[in-house]
Number of protein chains: 4
Amino acid sequence: MSPPVTRSRLSSRPAAKAASAKRGSHSKSLAAPKTRDADRSRAAILDAATDAFAELGLAGARVDEIARRAGVNKALLYHYFGNKEALFVAVLEATYARIRGAESALDLERFEPAEAMTKLVDFTWGYFQEHPEFIHLVNSENLHRARHLAQSERLHEMHHPLVERIREILGRGVASGVFRMGVDPVQLYITIASLGYFYLSNAHTLGVVFSRNLLSAQSRGARRRHIQEVVAGYLRPEIDHA
Amino acid sequence: MSPPVTRSRLSSRPAAKAASAKRGSHSKSLAAPKTRDADRSRAAILDAATDAFAELGLAGARVDEIARRAGVNKALLYHYFGNKEALFVAVLEATYARIRGAESALDLERFEPAEAMTKLVDFTWGYFQEHPEFIHLVNSENLHRARHLAQSERLHEMHHPLVERIREILGRGVASGVFRMGVDPVQLYITIASLGYFYLSNAHTLGVVFSRNLLSAQSRGARRRHIQEVVAGYLRPEIDHA
Amino acid sequence: MSPPVTRSRLSSRPAAKAASAKRGSHSKSLAAPKTRDADRSRAAILDAATDAFAELGLAGARVDEIARRAGVNKALLYHYFGNKEALFVAVLEATYARIRGAESALDLERFEPAEAMTKLVDFTWGYFQEHPEFIHLVNSENLHRARHLAQSERLHEMHHPLVERIREILGRGVASGVFRMGVDPVQLYITIASLGYFYLSNAHTLGVVFSRNLLSAQSRGARRRHIQEVVAGYLRPEIDHA
Amino acid sequence: MSPPVTRSRLSSRPAAKAASAKRGSHSKSLAAPKTRDADRSRAAILDAATDAFAELGLAGARVDEIARRAGVNKALLYHYFGNKEALFVAVLEATYARIRGAESALDLERFEPAEAMTKLVDFTWGYFQEHPEFIHLVNSENLHRARHLAQSERLHEMHHPLVERIREILGRGVASGVFRMGVDPVQLYITIASLGYFYLSNAHTLGVVFSRNLLSAQSRGARRRHIQEVVAGYLRPEIDHA
DNA sequence: CATGAATGAGATTTCATTCAT
DNA sequence: GATGAATGAAATCTCATTCAT
């Protein structure tokens with residue numbers, strides 16, 4: 001397993017440009033050649049911006065560099081997105097949409113409560129590992145007190161199903177006696193996220209502080225097991241002293 | 001209880017001016033406007049820089065503004081610290097020194113294992129709440145992959161005692177049968193930190209995402225209890241199936 | 001004849017604006033105020049920089065002033081040249097290219113050895129007089145130990161023909177008995193340059209030291225004759241004592 | 001023979017500080033301890049300034065660095081010399097005084113004309129080699145059009161004897177038939193200076209331009225011989241066509 | 001749709017000089 | 001005579017953004 005963080009390429013999203021073979025003198029579809037180019041440019045910009053903002057934050061990223069990486073002119077970037085902050089908002093929305101989409105695909109309802117929970121924990125940890133850009137972008141946005149996220153209206157609806165899904169699993173687990181009672185699903189989700197997110201997000205400082213390489217394959221494996229144990233340990237019902 | 005994060009004043013560190021009682025009794029004017037006291041100026045700059053970097057990050061903070069807030073000339077800032085990045089390093093060092101100093105003062109050795117652990121969890125949660133600048137600065141530094149922290153040599157030694165203290169508590173707890181065996185102290189500390197740090201650090205985005213005010217006094221109280229439960233739940237020994 | 005050194009305008013290079021006839025015949029407005037012509041802007045910057053560096057040296061010249069004189073924004077200057085030093089390198093290269101270009105145009109091969117030498121000496125003296133910016137720039141660069149010139153790769157090839165031309169003249173002169181034998185062409189060129197360059201370069205201090213105006217038309221005429229005599233006197237073959 | 005130009009130490013003037021053996025707890029002479037310290041500080045500043053201005057020019061040298069090298073406080077430098085330009089003037093005066101002093105010590109009157117001339121040429125070449133700071137400072141001053149030198153009143157009188165000495169040698173040489181007639185002593189002195197000064201002053205650019213190391217011991221020896229030949233060749237009387 | 005040219009405002013940093021003791 | 005602290009002004013350089021085509 002290779003380390004998930006690489007300098008030159010932070011994200012593992014589907015590359016926007018790879019698909020277009022330098023577009024020959026004629027576009028493939030005669031129906032909508034203009035639109036396809038426009039979409040492609042937009043996507044390329046968004047992609048480059050995601051990388052740049054993740055790497056350097058909102059203040060640190062350079063519009064010049066984003067345009068260069070996207071292979072388009074700066075003016076076009078402004079044409080499509082208005083300004084740097086609006087571009088950042090677009091990047092955030094797309095980023096959240098991706099994680100929630102992947103989560104939905106888990107179909108947790110099909111599994112027993114304990115297994116469903118294990119799967120959720122693994123997915124979350126795995127996603128954070130494979131998507132360092134998610135962590136970096138969310139950190140950046142927190143530095144700005146979620147000022148940009150607050151502008152998005154699609155977000156609430158995006159997250160409602162997640163909470164409901166967890167609530168449902170917890171309910172089934174309590175009913176079958178494998179989970180303790182009274183667990184708040186939001187609280188639990190935050191905890192699940194915490195245990196992986198903080199570790200990865202702060203791996204660099206923690207690594208220096210504790211003189212350990214926290215990103216080696218071995219360290220990450222140990223962390224995965226630890227997280228599963230913490231969640232499972234917490235969810236165990238209290239011992240019955242009858 | 002008021003929310004701990006305010007825009008104009010992020011930190012609650014001891015004010016720099018107070019610290020300077022070193023000038024002997026023969027200090028001429030009691031209300032000297034132009035300072036001419038190197039220590040005081042240095043401290044004022046460090047203080048202002050801590051606020052600014054915490055609020056806006058390394059890239060976002062402005063040297064001009066830091067000097068203004070410190071009440072000194074920009075040139076003096078450069079005279080003392082060399083450049084913006086070196087100032088950031090100085091801020092980080094001082095910030096870590098403060099939290100580790102406060103931690104040492106807990107004297108956890110005096111308490112029973114369970115109580116010591118509760119105290120450590122409470123301290124950590126409490127410190128993060130009262131010191132949003134710590135969280136923001138560490139986040140910023142992680143954005144830079146701990147590049148600046150790596151330059152500091154005093155850090156390792158600063159953190160060694162922390163790990164040893166936790167290891168000792170765990171050992172006593174296992175011996176007296178109240179803790180499970182085989183817990184890695186570093187892993188556990190990261191978990192304790194995670195549960196509070198992530199919640200506070202990401203309170204803004206999480207608040208938008210889950211449409212909840214996570215920083216209300218009530219929410220924070222609930223989180224405190226949840227964290228204690230998670231840690232305690234995890235540390236509980238396995239049920240004896242005899 | 002007016003003194004060749006004037007404060008406001010050191011160079012007599014072909015003005016940048018004149019050079020831009022490249023924009024096709026369909027150039028809309030004849031007196032476009034905002035240029036939008038990259039070549040013209042580049043040339044204007046180079047031109048202004050040549051003046052400024054010649055007048056004040058690398059350290060003394062001001063980027064602000066160069067941009068102002070070129071009629072462009074500072075940012076554009078940085079866009080084209082990167083930084084002040086790189087601009088200085090570009091100025092040096094262009095400056096050497098001009099003198100070597102003018103020299104080539106002499107076609108010394110067409111003349112008898114003695115006449116060719118007289119022409120070369122006159123050209124050199126004349127060029128130094130008419131191009132005080134050459135002297136000033138080269139002096140500046142020597143102050144920097146040719147650090148910038150060493151970065152240029154085009155220089156060697158630029159100077160090879162010069163040496164070969166002198167060697168050829170010397171050869172012919174020895175063959176026809178008008179020049180002494182064993183003269184090193186590089187050594188001779190340095191001497192020819194010395195006699196004029198030093199006089200003009202140091203005219204100000206020498207003028208003060210010897211209480212003479214060395215830049216009057218009369219003084220300059222006298223120096224020209226002196227230089228011709230020195231070179232001719234040196235090249236005379238040894239007296240044959242047969 | 002060691003190379004005359006070294007980066008760390010440009011001048012070979014008597015070091016100001018070497019003489020003072022760290023000045024023990026008691027100054028040597030009880031009579032004027034204060035004065036001696038003052039002189040020492042002044043000399044140290046002048047010395048450091050000479051190095052700095054020679055290395056970097058007036059604009060390039062830093063007052064901070066001069067004070068540091070002199071081992072004194074910046075304020076003291078200002079106390080003694082007023083400002084940077086005045087310090088530069090003081091450096092120039094001292095520099096010219098040194099070369100004229102050394103020249104006077106030659107006692108050229110004692111020698112036959114041809115030998116006296118050879119000695120003068122050798123001295124000039126030798127002095128320039130051993131005192132690169134002289135060349136650099138004079139170049140800097142020429143960049144400023146002798147603005148500072150013009151402020152010094154002691155200069156004219158300093159140089160009058162030099163011209164008279166050369167005139168006297170020339171006169172004797174013409175009388176004894178070894179020199180040509182009608183040579184202007186000022187013109188000749190400038191030529192003698194040119195041939196060495198330009199070579200050394202421009203050694204860096206010429207070295208790059210001609211791809212030769214002009215500062216090797218061998219190159220410098222060749223130049224010395226060439227200069228003697230040029231001067232001697234020029235001074236030879238015209239061939240008698242009787 | 002797309003671009004290269006150009007810019008204004010403001011960022012960090014430098015440096016000669018003065019102040020207070 | 002000497003110093004460390006402090007500064008104002010100005011330098012180089014950056015960067016988000018707009019213009020003209």
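Nothing here was measured: the structure is a model prediction, and the numbers come from that model.
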In whole Å, what is the span from the NZ atom of D/K84 to the C1' atom of E/dT14? 11 Å
Decide yes or no for C/R145 and D/E55: does some side-chain heavy atom of the first lie under 4.5 Å from some side-chain heavy atom of the second? yes
Under a 3.5 Å cut-off for both contacts, is E/dG10 paired Watson-Crick or G-U wobble with anything, and if yes, with which nucleotide? F/dC13
Report which part of the nucleic acid B/H79 touches: base, sugar-phosphate, or nothing (heavy-atom distance under 4.0 Å, all strands). nothing
Name the residue closer to the 5' end of DNA chain F, choosing between A/N83 and C/N83 according to the nucleotide with the nearest heavy atom. C/N83
Roughly how many Å is it from CG in B/L87 to C1' in E/dT13, rounded to a whole number? 14 Å
To the closest 0.5 Å, what do you measure between CZ (D/R42) and CG (D/L77)? 10.5 Å
With B/F53 as partner, the option from B/E141, B/K84, B/E133 fulfilling side chain to side chain contact (heavy atoms under 4.5 Å, CB included) is B/K84
Are any of the side-chain heavy atoms of A/N139 and B/L143 separated by less than 4.5 Å? no
Scan C/F81 against the nucleic acid and name what it touches under 4.0 Å (heavy atoms): base, sugar-phosphate only, or nothing. nothing
D/F88 has an atom CZ; how far is it from atom P of E/dA16, in whole Å? 14 Å
Sorted by number, residues from residues 58-65 of chain D placing a heavy atom under 4.0 Å from DNA chain E are D/A61, D/R62, D/V63
Would you kindly give the CD-to-C1' distance between B/E85 and E/dT13, to the nearest whole Å? 14 Å
Donor-acceptor pair under 3.5 Å: do we get one between B/K74's side chain and the base of F/dT7? no
Within less than 4.0 Å of OP1 or OP2 of F/dG4, is there a side-chain N or O belonging to D/N73? yes
Would you kindly give the OH-to-C1' distance between C/Y80 and E/dA6, to the nearest whole Å? 8 Å
Rounded to whole Å, CZ of D/F53 lies from P of E/dC15 at a distance of 13 Å
For F/dA6 and B/S41 - does any side-chain N or O of the residue sit under 4.0 Å from the phosphate oxygens OP1/OP2? yes
Please say which of D/L92, D/L46, D/V63 ends up in a side chain to side chain contact (heavy atoms under 4.5 Å, CB included) with D/L87. D/L46
Please examine the side chains of C/L58 and C/H148, heavy atoms only from C-beta on, and report whether any two atoms are closer than 4.5 Å. yes
F/dC15, OP1 or OP2 - any side-chain N/O from C/Y78 closer than 4.0 Å? no
Here the pair of heavy atoms bringing B/A48 nearest to B/I66 is CB-O, 3.5 Å
Hey, are the side chains of C/F81 and C/V89 touching, using non-hydrogen atoms and a 4.5 Å cut-off? no
Tell me: CG of C/L77 to P of F/dT14, nearest whole Å? 12 Å
Once you round it to whole Å, what is the distance between C1' of F/dT18 and CG of C/L76? 14 Å
Could you pick out which residue, D/A75 or C/G82, lies toward the 5' side of DNA chain F when each is mapped onto its nearest nucleotide? D/A75
If pairing means Watson-Crick or G-U wobble with both distances under 3.5 Å, then the partner of E/dA16 is F/dT7
